[in-house]
Amino acid sequence: MKTDATCAQTIISRLARRAYRRPVSAAEVASVVKLLALAKANGDGPEQGIQVAIQAILVSPNFLYRVERDPDPKDAARIHRVTDLELAARLSYFLWSSLPDEELLNSAEKGHLHEPAVLDAQVKRMLQDKRSAALVDNFAGQWLELRNLDSVKPDPDKFLVWGPQLKNAMQTETRMFVEYIMRENRPLSELLTARYTFLNERLAQFYDIPGVTGPEFRKVDLTTDQRGGILTQASVLTVSSYPTRTSPTIRGKYILNNILGTPPPPPPPDVPALDASKVGSEVSLRKQLEEHRNNAVCASCHSRMDVLGFGLENYNGIGRWRAVDGRFPIDSAGTLPGGKTFASPAEMKTVLLGNMPEIARCVSEKMMIYALGRGLQPFDRPVVNQINADWKAQDYPFQTLIYEVVRSLPFQERRGETVSSKSIKAKETALR
Amino acid sequence: MIVTRKALARRTFLRGAGAAVALPFLDSMVPALATAATTLKPPVRMAFVYVPNGVDLRNWSLGYEGNLDKMSRILQPLEPYKRDINVLGNLTHNAGRALLDGPGDHGRCSASYLTGIQPRKTMSNIKAGVSFDQIVGKHVGAGTSFNSLEVGLEDARQAGDCDSGYSCAYTNNLAWRAESQPLPPTLNPRALFERLFGEDAAMTPEARRSRNLYRRSVLDLVSDDAKRLAQDLGPTDQRKLDEYLSSIREIELQLARADKDSIRIDPGFDKPYGIPADFAEHFSLMTNMLTVAFQSNLTRVATFLVTREGTSRAYREIGIPDGHHPLTHHRGQEELMEKVSRINVYHVQQFAGWLGKLKAIQEGDSNLLDNSMIVYGAGLADGNKHSHEDLPTVMAGRGGGHFQTGRSIVYRKETPMCNMFLTMMDRMGVPTEHFGDSSGPLEGLDLS
C-alpha cells in the first residue's frame, strides 16, 4: 500500500510533467510537495494541499511560458534543431492550441519525434483527433476575421433580422465549413467554390434555401450559384461591412488582404469619405464610389479594391441576397486592372481562381505565421517558396500545407538572438 | 510660481522608459511631525478619461482665454462644474505624428498618449513606453490596494491590426506597465467590483489569512522557478521573464497590504450583473466604482479608455446608427459633423455625471473632486484630419487645492502634452525632471 506521501508525490510529478511538457526533476517535485506539508501544518486536509499545489503549477513560468533553450542565447548565427520535447510543444500548440498529450510526450521523451516518419504519423493522428478543431477555431477565426462577428454591431433598424442567434449561426457555418475542408483534405480552391455548405433552419431561411429544418447544422448541397465558398458566407460578408451598409472598399480590401495576400497600402491621411445619407436614395453607392475613383491617386488602389467589392454587392450589410439597393438595381459587374471582367459574384470567384498560386501563397504565409507565432522575415522566403512549389504540385490539398509547415526548417529549428552593443550597454546602465 | 527642481537632493534616476524619475523621499526620512501634517490632508488622485477619434472642433473650442464664461456646445454639459475645471488649449503630442512612419494616426495617438513615446509600427513585437500613470502609481500606490486601475467600455482585443499596421494593443490600451506590456482595461463592471471589493467578502478573517499564506508560498515557489529559468536567456526572453517577476512582486505587495488592513470596504451598492447594454449605464457603473475606489483610497490612479481609439461603435442610444470612426471622416459634410458633435456631447455628459459624483463626496472642508486631477482628453484633435496639435483637454479638480480653476488657458502653440504630465506628477508627489518630449511643467495652473 502506498503511503500518503508517495501518493502525493506521484500525483504532483504526473501533473507537473504534463503542465511543463517535459520530465520534471525530483527537486522540482519536492518543492511543490512542500506545499502539501504546509497545508497539513496549517490544519487543512490533503485536498486543500493538492489544490494549492495545482495552483503553484499553473502559475509557474514553466507552465505559462513555452521554454526553448539555445546553446548560446546571444549568438544568432548558431542555428540548431529544437529538442524533441520542444518540438512536441510546438506541434501541439499549432494543431491543438494546447499541451501535448501522453502519446506525443512519450514519443518526444524517447527521442523519436524528429524522425520524419514518426513526425508525419503524429501529425496525422493529431489532425484526426477532435482537438484539431482548435486549429480551425483559432486559425480561421483570425485569418477570416470571424472573431470580429462578436464586436460588429449591425444597425437593427436597417437589419431587422440581426440578432445573437443569427450571428452564432453565421459563425458556426464558416467554422464547420473550414473544418470539413481540413478534415476531408479538400483542395484549397474549394474554400472559394464549394457547392455545399453547413446550415441550420435559421441560416437556411436567411439564405432562402428550402428544406432545412431544426436547429442542428448539417451539410447542405447548394443548387444555385448565389452561395458557395467563404466569400458568399454571411459571416465574412458581415465583418467586411459597415453597421449601416455594405462597403465595397472594405470587402475588396478583405479579399486583397486575406485571399490574394496583396494588401493595399494604407490610405493617405485626410481622405474624403462617402456621404452615407445619400447612398441608395439620391445616387447609387456604386456611382458615388466611381466618382471618388476619378482621382488618380485614389484610383491606383481603389480600382482593384472597389471592383472586387462590387462583385459582392448582391449581398447586403449582413450578407443577405438582394437585387436592389434602395431604388437602384445592383450592378455587380466589374473589370479588374488586368482587363479581366465579371458580371456576378460567381463570375468574380472564377476570376479569383485564376490567381490560385497567389491565394495559396497567402494562405501558406498566414499558416506559417500561425504555426511559428511570429511574423515572417525575408530569410523565410525560400522556405515559403518551397512549400508552395510542393503544395501546387499536388493541387493544394488542405492538409498537405499543415504537413509541409511542420516539416519546414523554421518550425523545427531556432537560434539565439543578436545582441546589439547598444542593448548590452543599456543593460549595464540599468544594472549600475 | 514654478518650482525648478535644481535643488533636489538624493536623486536616483530610472532610465530607459522615456522618463527620468526622481524617487520621492522614503517615508522614514520624513520627520514625524511632517507625517502627521500630511496625513491630515487627503491624498491627491488622478484619472484620465480618454475619448477616441478626436472631436468636432467647431463645437468644442471656446474661442476665448481667461475666466470660463459661455461654454461651447460640446462643453455645455460641464456648465455646472465650470468653477471646477480648466479647459486647456494647444497641448500637442508630437509622438502621435507620423514622423516618417506613414499612416496610422489612430494607433499612434492612443499608444503615445500617456507614454509620450512614438510606438513601434508593428502588429507583433509591440513597443511603446512606460506610461506616466504607471510611474505615478508605482510611487504612490504603497498606501493603497492597487497601484492603478484601468477600465474601459469597449472590446479589449490585444492582437491583430487595428490601424494601418499598428497592433490593436496600441489602440485598445492607455496604460503601459513596461514598454512592451500594456495593461488592458477591465470592461466588465462585475469583474471590477470583485477586484475592488473582493469576491471573498464573505470570507472570515481566518480563511483570508490562510488563503494569503498559501498564495505567498505559491509566489515564493514560482519566483524561484523564474529565477532558475532566467539563466542563459536571450535579451527578449529575459525581458519577458522580468515582466513576469515584476507582476509577482506586485502581487506580493498587494498581499502584504491585504494583511494589514482587514477592514472590508462597503461600496454602498450591489454587485453588478455584467456588462449593461446601455452605454450611459455602463459608464455610470464604472465611474461609481472609480469614485468609491478613490474615496476609500483603494487606489489613487485610474485610466478610463471610454472606447478604443479608431472605434466604429455606433450610438443608437442617441439615434446614431453609423460607426463613430467613419463619421469622423466627414469631409466637411454638415450632416456627418453634426452626428460627430452629438457623440462628443454625449460623452461629455457622461463625464459631467462623474464629476458630479466626485464633487458630492466631502473630504474635510473640501471634496473629492477638489483633491483630484481628472483629465478628459482625446488623442486626436480633428478626427477628419488626424491632427495631433491642440488636443481637446479638460482638467477637472484642483489637484488638492493647488490649481486655480474656472479658466480657459491657451498655451503657446506646440506645447508638449507631456508638460501637463510633469505638472501632474509633481502634484502626485512624484517630481520628475523630464518625461517624453516635455520641456518643463505647465505654467499658469497653480494658484498665484
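Please read these numbers as outputs of a predicted model, since none were measured by experiment. FYI, side chains are in, hydrogens and waters are out, and symmetry mates aren't considered; it's all heavy atoms of this structure.
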Student check: side-chain heavy atoms of [X] and [Y] closer than 4.5 Å:
{"X": "B:Ser210", "Y": "A:Asp44", "value": "yes"}
{"X": "B:Pro321", "Y": "A:Asp157", "value": "no"}
{"X": "A:Pro243", "Y": "B:Asp322", "value": "no"}
{"X": "B:Arg316", "Y": "A:Lys153", "value": "yes"}
{"X": "B:Asp237", "Y": "A:Glu417", "value": "no"}

Less than 4.5 Å to any heavy atom of chain B: does that hold for the side chain of [X], its backbone, both, or neither?
{"X": "A:Val32", "answer": "both"}
{"X": "A:Asn257", "answer": "neither"}
{"X": "A:Ile369", "answer": "neither"}
{"X": "A:Pro154", "answer": "backbone"}
{"X": "A:Ala53", "answer": "neither"}

Does [X] have more than 12 heavy atoms from other residues, nucleotides or ligands lying within 6.0 Å of its [atom1]?
{"X": "A:Lys34", "atom1": "NZ", "answer": "no"}
{"X": "B:Lys127", "atom1": "NZ", "answer": "no"}
{"X": "A:Lys253", "atom1": "NZ", "answer": "no"}

Handout entry: Toward chain A, the part of B:Ser312 with a non-hydrogen atom under 4.5 Å
Key =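 The backbone, not the side chain.
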Practice task
Using non-hydrogen atoms and a 4.5 Å limit, figure out which bit of B:Leu221 sits close to chain A: side chain, backbone, both or neither.
Solution key: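 For B:Leu221, side-chain heavy atoms alone lie under 4.5 Å from chain A.
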Exercise for the section: State, to 0.1 Å, how close A:Ala56 and B:Val222 come at their nearest heavy-atom pair, and which atoms those are. Expected result: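 So the minimum-distance heavy-atom pair works out to O-CG1, 3.5 Å.
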Practice task
For B:Arg228 and A:Arg69, work out which heavy atoms get closest and say how close.
Solution key: O-NH2, 4.0 Å
Exercise for the section: Go through A:Asn42, A:Asp72, A:Val52 and name the one with the most non-hydrogen pairs under 4.5 angstrom from chain B. Expected result: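 The option with the most such pairs is A:Asn42.
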Return the [atom1] to [atom2] distance between [X] and [Y], rounded to the nearest 0.5 Å.
{"X": "B:Ile320", "Y": "A:Thr244", "atom1": "CD1", "atom2": "OG1", "answer": "12.0 Å"}
{"X": "A:Tyr65", "Y": "B:Leu233", "atom1": "OH", "atom2": "CG", "answer": "10.5 Å"}
{"X": "B:Arg211", "Y": "A:Gln55", "atom1": "CZ", "atom2": "CD", "answer": "9.5 Å"}
{"X": "B:Arg216", "Y": "A:Leu38", "atom1": "CZ", "atom2": "CG", "answer": "11.0 Å"}
{"X": "B:Tyr214", "Y": "A:Gln48", "atom1": "OH", "atom2": "CD", "answer": "5.0 Å"}

Practice task
Tell me the residues of residues 21-29 of chain A whose non-hydrogen atoms fall below 4.5 Å from those of chain B, in number order.
Solution key: none
Problem - Option in B:Gly332, B:Ser217, B:Ser124 with maximal non-hydrogen atom pairs under 4.5 Å from chain A - result: B:Ser217
